[in-house]
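Note on naming: letters A, B, ... go to the chains in the order of the sequence lines (proteins, then strands), and numbering restarts at 1 for each one.
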Protein chains: 2
Amino acid sequence: MPRPTIDDVATLAGVSIKTVSRVVNREPNVRESTRDKVDKAIASLGYSPNPSARNLASHHARLIVLVYDDPSAYEAPSSGYIINMQEGALKACRKSGFELLIHPCNYRNKDVGKELTELIGQVRPAGIIVAAPLSNMPKIVRAISATKTPCVRLSIGSANVKEYTVATNDRDISAEMTRYLVSLGHRRIAFIRGNKQHKAVGNRFDGYRDGLQESGIAYLEKLVVDGDNSIGSGERCAEQLLKLNPRPTAIFAANDDMAAGVLRVATRLGIEVPRELSIAGCDDISLAQQLYPALTTIRQPLSAMAETASLALIDGSRGRPSAPMLETIPGSIQVRESTAPPPQ
Amino acid sequence: MPRPTIDDVATLAGVSIKTVSRVVNREPNVRESTRDKVDKAIASLGYSPNPSARNLASHHARLIVLVYDDPSAYEAPSSGYIINMQEGALKACRKSGFELLIHPCNYRNKDVGKELTELIGQVRPAGIIVAAPLSNMPKIVRAISATKTPCVRLSIGSANVKEYTVATNDRDISAEMTRYLVSLGHRRIAFIRGNKQHKAVGNRFDGYRDGLQESGIAYLEKLVVDGDNSIGSGERCAEQLLKLNPRPTAIFAANDDMAAGVLRVATRLGIEVPRELSIAGCDDISLAQQLYPALTTIRQPLSAMAETASLALIDGSRGRPSAPMLETIPGSIQVRESTAPPPQ
DNA sequence: CGGATAAATTTAAGCGCTCAAGTAACGACT
DNA sequence: AGTCGTTACTTGAGCGCTTAAATTTATCCG
C-alpha cells in the first residue's frame with residue numbers, strides 16, 4: 001500500500017500534476033471546478049505531499065528552526081518557558097504543514113555563531129527563531145543574518161536591533177501590575193530591580209514608575225532596591241525593605257525568583273502573605289504556582305510570541321508581504337494568592 | 001555559492017557518485033585508498049548530504065519522532081522531564097545526522113491513535129519514541145505498531161508490553177533509597193504510595209519492601225499510606241503518619257509532589273527537617289531543588305533513556321542487529337538536604 | 001596461467017515534487 | 001479579421017540522492 005503521489009491524484013482528477021501542485025499550494029489561476037475535482041481526488045486518495053520531494057525541488061526546507069538557550073547545559077531549574085515557546089511554534093507549523101526543528105544550544109559556548117551557521121547550511125530552513133537571551137547577543141544575530149536566512153528574534157523587553165523582533169510589552173504590563181496593586185488599596189509599593197544586564201529589567205522598572213504616576217502616587221527612591229534576579233538576592237532585598245518604617249504593604253519584584261525570595265523572608269519573619277504583605281512577581285515560572293501562597297505574577301506570552309514569529313517566517317517564505325519589524329505581544333497578569341488589600 | 005553536491009565531490013575525487021555515497025553511508029566494499037580520496041574531497045568542499053534528497057531516494061526520513069504528553073494542554077506544572085528527554089534524543093540524533101521531530105499530544109484526546117497514524121504516514125520517520133504515560137496505553141502502542149514503524153516505549157516502571165521498551169529500575173533504586181535511609185540510622189521508615197493507576201508506584205513500593213527486608217527491618221503496614229500523587233494527598237498522608245506514636249523518623253514518598261506535601265506539613269507542625277524528620281521523594285522534578293530544604297530524591301535517567309531509544313531506532317533503521325526487547329537504565333539517588341540521621 | 005569467484009566500482013533509472021517555459025482557449029480591442 | 005492579453009492549463013527538465021543491475025578489476029585456486 002504505497003502512499004499516493006501527485007501523479008495518482010492527477011490521473012484520478014484528469015489533470016496534469018502541475019495543476020494538482022497549484023491546488024495543493026493554493027496558487028492562483030485554477031478554475032473553481034478544476035479545483036474541486038482535484039480536491040475530491042486528494043480527499044479520496046488521502047493524498048498528502050511528500051515533504052522531501054517538495055524540499056528537494058524547491059530548494060528550501062519547509063522547516064522552522066527554533067534556537068534557544070539549553071537549560072540542561074547548566075541545570076537551569078525552569079524550563080517551562082521552552083515548552084511554551086515550542087508549543088506556539090508547533091501550533092503555527094502544524095497549521096501550515098511546516099516542521100519544527102528544535103536546537104538548544106549553550107550561549108556561553110564561544111562557537112554558537114559557527115554552530116548556527118553550519119546548522120543553517122545543513123538544513124536550509126525557511127526561517128529561524130532566536131529566543132532570549134541569545135536574541136540579544138549581537139554576535140549571534142549577526143552570524144545568522146550573514147546566512148541570509150530569514151530570522152525573527154524573540155525578545156523579552158529589549159528591542160533595539162534591526163531584525164524582525166517579536167517582543168513583549170514589559171513596560172506596559174508592569175505599569176498595569178502596579179495599578180492593580182494600587183487598585184487593591186496599596187500606597188507603599190516597593191520594587192525590586194534585577195540584573196542590570198537584562199534589558200527587560202529596565203523596562204519593568206519604568207513600567208512600575210509609570211504605574212505609580214498614572215495612579216498619582218509619588219515615587220520614593222527608598223522603596224526601590226537592586227537584586228540580581230536570584231532567590232537569594234530577593235531575600236536580601238526583602239530584608240532591607242521590610243526594615244523600613246512604615247514598611248511597604250506590597251513588593252513587586254522584577255522576576256519570580258526574587259519574589260520567591262521575598263516570600264521566604266516574609267514567612268521567616270512571621271509576616272503573613274497576603275494579609276500583611278502583598279507580593280507580585282514577573283515571568284510566571286512554574287515555581288510561581290507551586291509556592292504557598294501561589295504568586296501573583298505577569299505571564300509572558302511565550303507561546304503566542306513563538307507562534308507569531310513562526311507565522312511571519314512561514315508567510316515570508318511564501319512571498320507574502322513581510323510584516324512589521326517589531327511586533328509586540330501583550331503579557332497578562334495572573335492574579336493568584338499572594339496579593340490582597342493591605343491591612344487597614 | 002550553491003552548496004556542493006555529491007557530483008562535485010565525485011568529480012573532485014575522480015570517482016563515481018555511487019562511491020561517494022558508499023563512503024558517506026559507511027557502506028563496505030570501498031578500498032581504503034579510495035575512501036581516503038573521497039574523504040579528502042568531502043572535507044575540502046565542506047560537503048554534507050542533502051537530507052531531502054536522501055529521504056526522497058531512500059523512501060524514509062532520517063528522522064525520529066518523539067511523542068509525549070503535552071503538558072501545556074492542562075497546565076501541568078512540571079515540564080522539566082520533557083526537556084530532559086529532548087536533550088537525550090537530540091544528542092543521539094545529532095551524532096547520527098538524524099533529525100528530531102517533537103510531537104506533544106494530549107493523551108486524553110480520543111483520537112491520539114489516529115493522530116499518530118497520520119503523522120507517521122506524513123513524515124515516514126525511521127522510528128518513533130513514545131514517552132510515558134502514552135507508552136502505557138495499549139491502544140496507542142497498538143496504533144503505532146499497526147503502521148509497522150519501529151517504535152520504542154519509554155517507561156517509568158512498567159514494562160509488560162511486547163514492544164521494545166526502555167525502562168527505569170524503579171524497584172531497585174527504591175530499594176537503594178530505603179537502604180540509604182537505613183544507613184543513616186533510620187528504623188521507622190514510612191512510605192507513601194501514589195496513584196494506583198501508575199504502574200511505577202507499585203514497583204516503588206515493592207522496592208521499599210525489598211530495601212527493608214535486605215536491611216533486616218520488619219515491614220509494618222501502619223507505616224504505609226496511600227496518596228494520589230498530588231501535593232495535597234502528601235499533606236494528608238503526612239498528617240496521618242506524624243500522628244503515630246512513636247512517629248516515623250523518615251518518610252519516603254512515591255513521588256516528589258507528595259514529598260513536598262510532607263515537607264509542608266512538617267513545617268506547619270514545627271517538625272524540623274531533616275533534624276527531626278527525613279523526607280525522600282522520587283522523580284527529581286525541578287521543585288525538588290527549589291524547596292527548602294532541598295529534597296533528597298531519585299533522579300529518573302530520562303535523558304539517557306531517550307538517547308538509548310533514539311540510538312536503537314537509528315541503528316535499527318540501518319539494519320544493525322536490533323537490540324534487546326527491554327533495556328533498563330538505572331536512576332540515581334540525589335542526596336540533598338532533606339535527609340539526615342534520625343534524632344538520638 | 002586460465003577460468004571462476006569475489007570485490008570494487010560504474011551506470012542507469014527514478015524517488016515525488018517544483019519551476020520555467022510553453023500551449024491552447026477565449027475575449028477584447030482596434 | 002487580426003493582434004494582443006489573460007486565464008487555465010500542460011510539458012519537460014531536473015533537484016541530489018539511493019537503489020538495483022551492469023561492469024570492471026582484483027583475488028583465488030588447481
Side-chain angles (χ1 to χ4, degrees), chain A residues 2-39 41-42 45-63 97-99 121-124 126 317-319, chain B residues 2-39 41-42 45-63 97-99 121-124 126 317-319:
Chain A
R3 143 178 215 216
T5 74
I6 198 172
D7 293 279
D8 301 328
V9 178
T11 308
L12 184 59
V15 299
S16 78
I17 59 166
K18 176 64 216 190
T19 303
V20 178
S21 172
R22 281 225 164 83
V23 173
V24 169
N25 294 312
R26 287 179 189 67
E27 286 169 30
N29 300 342
V30 181
R31 211 179 303 147
E32 196 59 37
S33 59
T34 313
R35 196 180 291 276
D36 278 354
K37 268 194 304 184
V38 173
D39 277 335
I42 288 175
L45 290 174
Y47 167 78
S48 73
N50 178 325
S52 295
R54 293 178 114 178
N55 296 346
L56 179 58
S58 67
H59 299 278
H60 71 267
R62 271 156 189 72
L63 184 139
F98 273 57
E99 279 172 23
Q122 288 263 355
V123 307
R124 305 260 149 159
S317 79
R318 295 209 177 123
Chain B
R3 153 180 204 208
T5 74
I6 198 172
D7 294 277
D8 302 328
V9 177
T11 308
L12 183 61
V15 299
S16 78
I17 60 166
K18 175 64 216 189
T19 303
V20 177
S21 171
R22 280 227 163 81
V23 173
V24 168
N25 294 310
R26 289 180 189 67
E27 286 171 29
N29 300 341
V30 181
R31 215 178 300 146
E32 197 57 37
S33 58
T34 313
R35 193 180 294 274
D36 279 353
K37 269 194 302 186
V38 174
D39 278 334
I42 289 176
L45 290 174
Y47 167 79
S48 71
N50 177 326
S52 295
R54 295 178 111 178
N55 295 346
L56 179 57
S58 66
H59 298 277
H60 71 268
R62 272 158 189 70
L63 185 143
F98 273 57
E99 278 171 23
Q122 289 261 356
V123 307
R124 304 259 149 158
S317 80
R318 294 206 176 125

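Note that the CG atom of B/L63 and the CD atom of A/E99 stand 6.0 Å from one another [nearest 0.5 Å]. To the nearest 0.5 Å, the span separating CG on B/N29 from OG1 on B/T34 amounts to 11.5 Å. A/N50 CG to B/R124 CZ: the interatomic distance, rounded to the nearest 0.5 Å, is 9.0 Å.
Regarding B/R35, its CZ atom lies at a distance of 11 Å from the C1' atom of C/dA8, rounded to whole Å. Atom-to-atom, CG of A/D36 to P of D/dA8 comes out at 14 Å; the value is rounded to the nearest Å. Distance CG (A/N50) to C1' (C/dT18): 13 Å, rounded to an integer number of Å. Note: CG (A/N29) to P (C/dG22) measures 18 Å, nearest angstrom. A/I6 has its CD1 atom 16 Å from the C1' atom of C/dG14, to the nearest Å. Put simply, NZ on A/K18 is 11 Å from C1' on D/dT10, counting in whole angstrom units. Rounding to whole angstrom units, CD of residue A/E32 and P of D/dA8 are separated by 10 Å. To the nearest angstrom, C1' of D/dC17 lies 13 Å from CD1 of B/I42.
Exactly one residue among A/I42, A/V23, A/V15 makes a side chain to side chain contact (heavy atoms under 4.5 Å, CB included) with A/V9. That residue is A/I42.
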Q.
I need a per-nucleotide contact map over nucleotides 23-28 of chain D, read 5' to 3'. Cutoff is protein heavy atoms under 4.0 Å; write B for the base, S for backbone only, - otherwise.
A. ------
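At a non-hydrogen distance threshold of 4.0 Å, A/V15, A/S16 from residues 7-16 of chain A come into contact with DNA chain D.
With the nearest nucleotide of DNA chain C identified for both A/V24 and B/S33, B/S33 has the one nearer the 5' end. Residue whose closest nucleotide on DNA chain D sits further toward the 5' end, between B/R62 and B/R22: B/R62. For the pair B/I17 and B/L56, both in contact range of DNA chain C, the more 5′-proximal nearest nucleotide belongs to B/I17.
Within the structure, salt bridge (charged side-chain N to carboxylate O under 4.0 Å, His left out) pairs that include any residue of residues 29-38 of chain A do not occur (at least two apart or interchain).
Applying the side chain to side chain contact (heavy atoms under 4.5 Å, CB included) criterion to A/N25, with sequence neighbours excluded, gives A/S21, A/E27, A/R54. Taking A/S48 as the reference, A/R3, B/Q122 meet the side chain to side chain contact (heavy atoms under 4.5 Å, CB included) condition, with sequence neighbours excluded.
In terms of phosphate contacts, A/S21 brings a side-chain nitrogen or oxygen within less than 4.0 Å of OP1 or OP2 of C/dT18. Distances shown here put a side-chain N or O of B/N25 below 4.0 Å from the OP1 or OP2 atom of D/dT18. Checking the phosphate oxygens (OP1, OP2) of D/dC9, a side-chain nitrogen or oxygen of A/T34 falls inside 4.0 Å.
Looking at heavy-atom distances under 4.0 Å, B/N55 makes no contact with the nucleic acid at all. Among the atoms of the strands shown, none is found under 4.0 Å from any heavy atom of B/P28. Residue A/S52 is classed as having no contact, given no heavy-atom separation below 4.0 Å to the nucleic acid. If you check every strand for non-hydrogen atoms under 4.0 Å, A/T5 touches sugar and phosphate atoms only.
Of all nucleotides listed (D/dC9, D/dC15, C/dC15), C/dC15 comes nearest to the side chain of B/A57.
For the helix from C/dC1-D/dG30 to C/dT30-D/dA1, the end axes, each set by the C1' atoms of five terminal pairs, are bent relative to each other by 40° (nearest 10°).
The two atoms that bring A/S16 and A/A10 nearest to each other are C-CB, 3.8 Å, heavy atoms only. Of all the heavy atoms in A/Y47 and A/P4, the pair that sits closest is CD1-O, 3.3 Å. Minimum heavy-atom separation, B/I17 to B/I6: O-CD1, 3.5 Å.
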